[in-house]
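Hydrogens, waters and symmetry mates are skipped; everything else that's a heavy atom, side chains included, is used. Counting starts at 1 for both ligands and their atoms, in listed order.
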Amino acid sequence: MSPDQGRLLTGWGRATRSSATVASPMRAQDVVAAVMQAGPRGVIPRGLGRSYGDQAQNAGGVVLDTGGLDRILQVDAAAATVTVQSGVSLGTLTQVLGRYGLALPVVPGTAAVTVGGAVAADVHGKNHHRDGSFGRYVSRMTIVTADGAVRQVRPVDAPGDAALFWGTLGGLGLTGAVVDVDLRVVPVPSGWMSVDVVRARDLDELLDAFESADARRYSAAWVDCLARGSGAGRGVVTSADHAEPGHKRPRGSQRSDRWRPPDRSGRVRVPPWVPAGLLNRWSVAAFNDGWYRASRPGTGVLQERSRYLHPLDGVAGWNRLYGPRGFVQYQCVVPAAQAVVDLLALLRSARAPAFLAVLKRFGAAGPGPLAFPRPGWTLAVDLPAGVDGLGRLLDDLDAVVATAGGSVYLAKDARLRPELVPVFYPRIDDWRELRAQVDPSRRWQSDLARRLSL
Ligand SMILES: Cc1cc2nc3c(=O)[nH]c(=O)nc-3n(C[C@H](O)[C@H](O)[C@H](O)COP(=O)(O)OP(=O)(O)OC[C@H]3O[C@@H](n4cnc5c(N)ncnc54)[C@H](O)[C@@H]3O)c2cc1C
């Protein structure tokens with residue numbers, strides 16, 4: 001494990017930058033050595049860098065690139081379980097599980113995240129209202145803690161340390177490095193999804209459309225944040241279930257019902273350099289209008305599973321579209337629809353060029369102290385970092401979320417005010433106590449941890 005000194009790192013939003021020494025552990029003992037040798041700036045694990053802000057950065061310290069922990073240790077098809085190292089991507093795991101007719105029960109909007117990153121953010125998918133978040137399916141983890149111990153933790157204390165288990169879910173690498181994980185997986189009938197598409201002319205119609213969409217396993221809506229007047233809050237709601245084998249496939253399709261790796265041969269690639277200001281109020285409004293009009297309402301439309309679950313993975317490097325200053329993603333959850341109405345009104349009046357805005361339903365909260373999902377609505381919006389008045393707008397959005405009793409997602413954050421952390425995470429003190437116990441000298445450190453005084 002020869003470290004790479006002074007590498008500049010950023011999150012997916014490319015708006016946070018800092019340099020660190022990057023080490024690449026190949027096994028648990030390398031992780032132990034790294035944490036035992038950690039200097040005053042500490043160490044943090046990093047998966048595929050798909051968190052949007054500074055979660056996997058550590059200015060002046062060490063970052064552990066988990067890419068070498070890349071083995072799938074066991075697939076038990078009969079029991080529908082898998083044991084996997086933390087650096088394996090969900091895309092690779094999905095590909096292997098597909099051979100057994102199995103799938104991950106929860107996946108985020110991109111497959112390019114690692115198992116460790118999925119645990120550390122306790123990621124959710126379009127099916128949270130039905131299936132909860134990733135951590136629900138983790139039955140055991142190996143974690144290297146700050147004292148160099150390699151510990152087995154489980155959701156219940158027999159044997160294992162349940163508090164450490166729950167604090168690591170959503171703990172953003174600050175309780176220890178996850179080395180491997182036992183996961184429960186699920187059988188799926190085919191590699192296809194049966195998708196319903198509803199075009200909603202305004203926000204009322206959009207919210208109503210979720211009433212029926214919620215009956216399906218997966219649902220999400222794209223919202224046009226720039227449409228005004230009678231079209232304010234218009235959007236497209238898609239909902240889906242796994243398609244049964246023998247379901248009529250799209251005309252011209254040669255594919256079998258079995259899951260196959262997604263065909264990326266026609267994948268679009270954004271060039272390495274894109275001018276600043278390409279995405280502005282006018283270009284985004286025109287794009288949103290075109291997108292809305294081009295969406296075709298339908299019922300039972302067949303779509304390949306990966307295309308439905310990870311539509312943005314078809315455009316390589318799409319984060320560069322925001323130019324050199326990058327972008328931030330604001331994701332919050334609010335218990336009631338009125339707060340969604342208020343948030344969208346703020347975005348509209350700021351005329352912020354929000355190009356990707358996604359609304360989803362959340363179900364019950366998980367038991368961990370840093371669980372982000374809780375019952376209600378979650379809105380995620382991408383905003384260019386250089387846009388005028390952005391700081392003020394985000395503070396105003398925070399105020400609506402705080403008043404509504406909601407929360408902001410730490411895995412996407414790049415700018416939250418530290419005093420709001422206890423407002424959005426009322427059990428933060430339980431988690432801080434756990435961290436103080438397992439890491440009294442703060443060996444696990446990140447830019448985010450320092451910024452938010454975690
Ligand atoms: C296009 C896109 C869509 C997304 N959609 C969703 C979504 O629908 N739902 C959702 O929940 N999230 C979503 N995300 C966010 C993403 O799932 C999370 O940020 C995830 O944590 C990224 O995983 P990663 O492997 O890239 O980890 P990184 O970004 O490298 O790291 C994220 C955090 O995990 C920690 N970490 C990484 N590996 C380990 C490890 N082995 N042990 C301990 N800690 C570790 C890091 O320290 C860091 O704090 C999306 C991101 C993108 C880019």
Q) What part of Ile44, side chain from CB on, backbone N/CA/C/O, both or neither, has a heavy atom under 4.0 Å from ligand 1? A) side chain
Q. Which residue supplies the protein heavy atom nearest to atom 20 (C) of ligand 1, what is that atom called, and how far is it?
A. Gly117 O, 3.7 Å
Q: Tell me which one of Ser133, Pro45, Ala120, Gly173 gets a heavy atom nearest to atom 47 (O) of ligand 1.
A: Pro45
Q. Would you say Ala177 touches ligand 1, if touching means a heavy atom closer than 4.0 Å?
A. yes
Q. To which protein heavy atom is atom 15 (C) of ligand 1 closest, and what is the distance rounded to 0.1 Å?
A. Lys412 CE, 3.7 Å
Q) Side chain, backbone, both or neither: which part of Thr66 has a heavy atom under 4.0 Å from ligand 1? A) side chain
Q) Non-hydrogen atoms of Gly171 versus ligand 1: any pair closer than 4.0 Å? A) no
**Q.** Gln55 neighbourhood, listing ligand 1 atoms whose heavy-atom distance to it stays under 4.0 Å
**A.** 47 (O), 48 (C), 49 (O)
Q | Contact check: Gly49 vs ligand 1, nitrogen or oxygen atoms, below 3.5 angstrom | A | yes
Q: Taking the side chain as every heavy atom from C-beta outward, state whether Leu172 and Ile44 have any atom pair closer than 4.5 Å.
A: no
Q: Report, in ascending order of atom number, the atoms of ligand 1 lying under 4.0 Å from any heavy atom of Tyr409.
A: 10 (C), 11 (O), 12 (N)
Q. When you measure from atom 9 (N) of ligand 1 to every protein heavy atom, which one gives the shortest distance, and what is it?
A. His124 O, 2.8 Å
Q. Side chain, backbone, both or neither: which part of Pro108 has a heavy atom under 4.0 Å from ligand 1?
A. both
Q. Judged by non-hydrogen atoms, does Lys360 sit under 4.0 Å from ligand 1?
A. yes
Q) To the nearest 0.1 Å, how far is atom 17 (O) of ligand 1 from its closest protein heavy atom, and which atom is that? A) Val123 CG1, 3.4 Å
Q. For atom 33 (C) of ligand 1, which candidate among Val63, Val88, Val115, Leu172 holds the nearest heavy atom?
A. Leu172
(Q) Is Gly125 close enough to touch ligand 1? Criterion: a residue heavy atom under 4.0 Å from a ligand atom. (A) no
Q) Evaluating non-hydrogen atoms only, which member of Gly47, Ala411, Ala118 is closest to atom 37 (C) of ligand 1? A) Gly47
Q. Do Asp122 and Arg136 sit within salt-bridge range, that is, some charged N less than 4.0 Å from a carboxylate O?
A. no
Q: Go through the steps for Thr378 and Tyr409 under the test side chain to side chain contact (heavy atoms under 4.5 Å, CB included), then give the verdict.
A: CA-CA 10 Å; Thr378 182; Tyr409 193 16; over 6 Å; no
Q. Just which atoms of ligand 1 are under 4.0 Å from any heavy atom in Gly176?
A. 43 (C)
Q: May I ask whether Tyr52 places a heavy atom under 4.0 Å from ligand 1?
A: yes
Q: Please identify each residue that fulfils side chain to side chain donor-acceptor pair (under 3.5 Å) with Asp447, with sequence neighbours left out.
A: Ser18, Gln57, Arg450
Q: Would you mind telling me if ligand 1 is within reach of the side chain of Trp318, the backbone, both or neither, using heavy atoms under 4.0 Å?
A: side chain
Q. Does a side chain donor of either Asp180 or Thr142 reach within less than 3.5 Å of an acceptor in the other side chain?
A. yes
Q | Side-chain heavy atoms of Leu343 within contact of Cys332, under 4.5 Å | A | yes
Q | Nearest atoms (heavy-atom pairs only) where Leu207 meets Leu359 | A | CD2-CD2, 4.0 Å
Q. What residue and heavy atom of the protein are closest to atom 8 (O) of ligand 1, and at what distance?
A. Gly109 N, 3.0 Å
Q: Check whether the side chains of Gln445 and Arg41 place a donor and an acceptor atom closer than 3.5 Å, and report yes or no.
A: no
**Q.** Numbered atoms and elements of ligand 1 in range of Ala121, under 4.0 angstrom, heavy atoms
**A.** 21 (O)
Q: Please determine which of Arg130, Lys126, His242 meets the side-chain hydrogen bond (donor to acceptor under 3.5 Å, both in side chains) test together with Tyr218.
A: His242
Q: Assess Arg417 against Phe424: is NZ or CZ under 6.0 Å from the centre of the six-membered ring, and within 45 degrees of the ring's axis?
A: no
(Q) I'd like to know whether the aromatic ring centres of Phe210 and Trp377 sit less than 6.0 Å apart in this structure. (A) yes
Q) Looking only at heavy atoms of His310, does any of them come nearer than 4.0 Å to an atom of ligand 1? A) no
Q | Numbering as shown, the atoms of ligand 1 that approach Ser51 to under 4.0 Å (heavy-atom distance) | A | 19 (O), 22 (C), 28 (P), 29 (O), 31 (O), 32 (C)
Q. So is Phe372 in contact with ligand 1, going by heavy-atom distances below 4.0 Å?
A. no
Q.
Restricting to non-hydrogen atoms, name the atom on Thr114 and the atom on Gly87 that form the minimum distance, rounded to 0.1 Å.
A. CG2-O, 3.6 Å
Q: List the atom of Ala414, the atom of Thr16, and the distance in Å for their closest heavy-atom pair.
A: CB-CG2, 3.9 Å
**Q.** Minimum-distance protein heavy atom relative to atom 26 (O) of ligand 1
**A.** Arg50 N, 2.7 Å
Q) Is Arg217 paired with Asp241 through a side-chain N to carboxylate O contact shorter than 4.0 Å? A) no
Q) Which protein heavy atom lies closest to atom 24 (P) of ligand 1, and at what distance to 0.1 Å? A) Leu48 N, 3.5 Å
Q.
Is any side-chain heavy atom of Leu347 closer than 4.5 Å to one of Leu393?
A. yes
(Q) Does Arg427 have more than 12 heavy atoms from other residues, nucleotides or ligands lying within 6.0 Å of its CZ? (A) yes
Q.
I need the atoms of ligand 1 closer than 4.0 Å to a non-hydrogen atom of Ser86, numbered in the order shown.
A. 41 (N)
Q | CZ (Arg17) with more than 12 external heavy atoms under 6.0 Å | A | yes
Q. Which residue supplies the protein heavy atom nearest to atom 23 (O) of ligand 1, what is that atom called, and how far is it?
A. Val113 CB, 3.4 Å
Q. Which ligand 1 atoms are under 4.0 Å away from a heavy-atom of Arg46?
A. 30 (O)
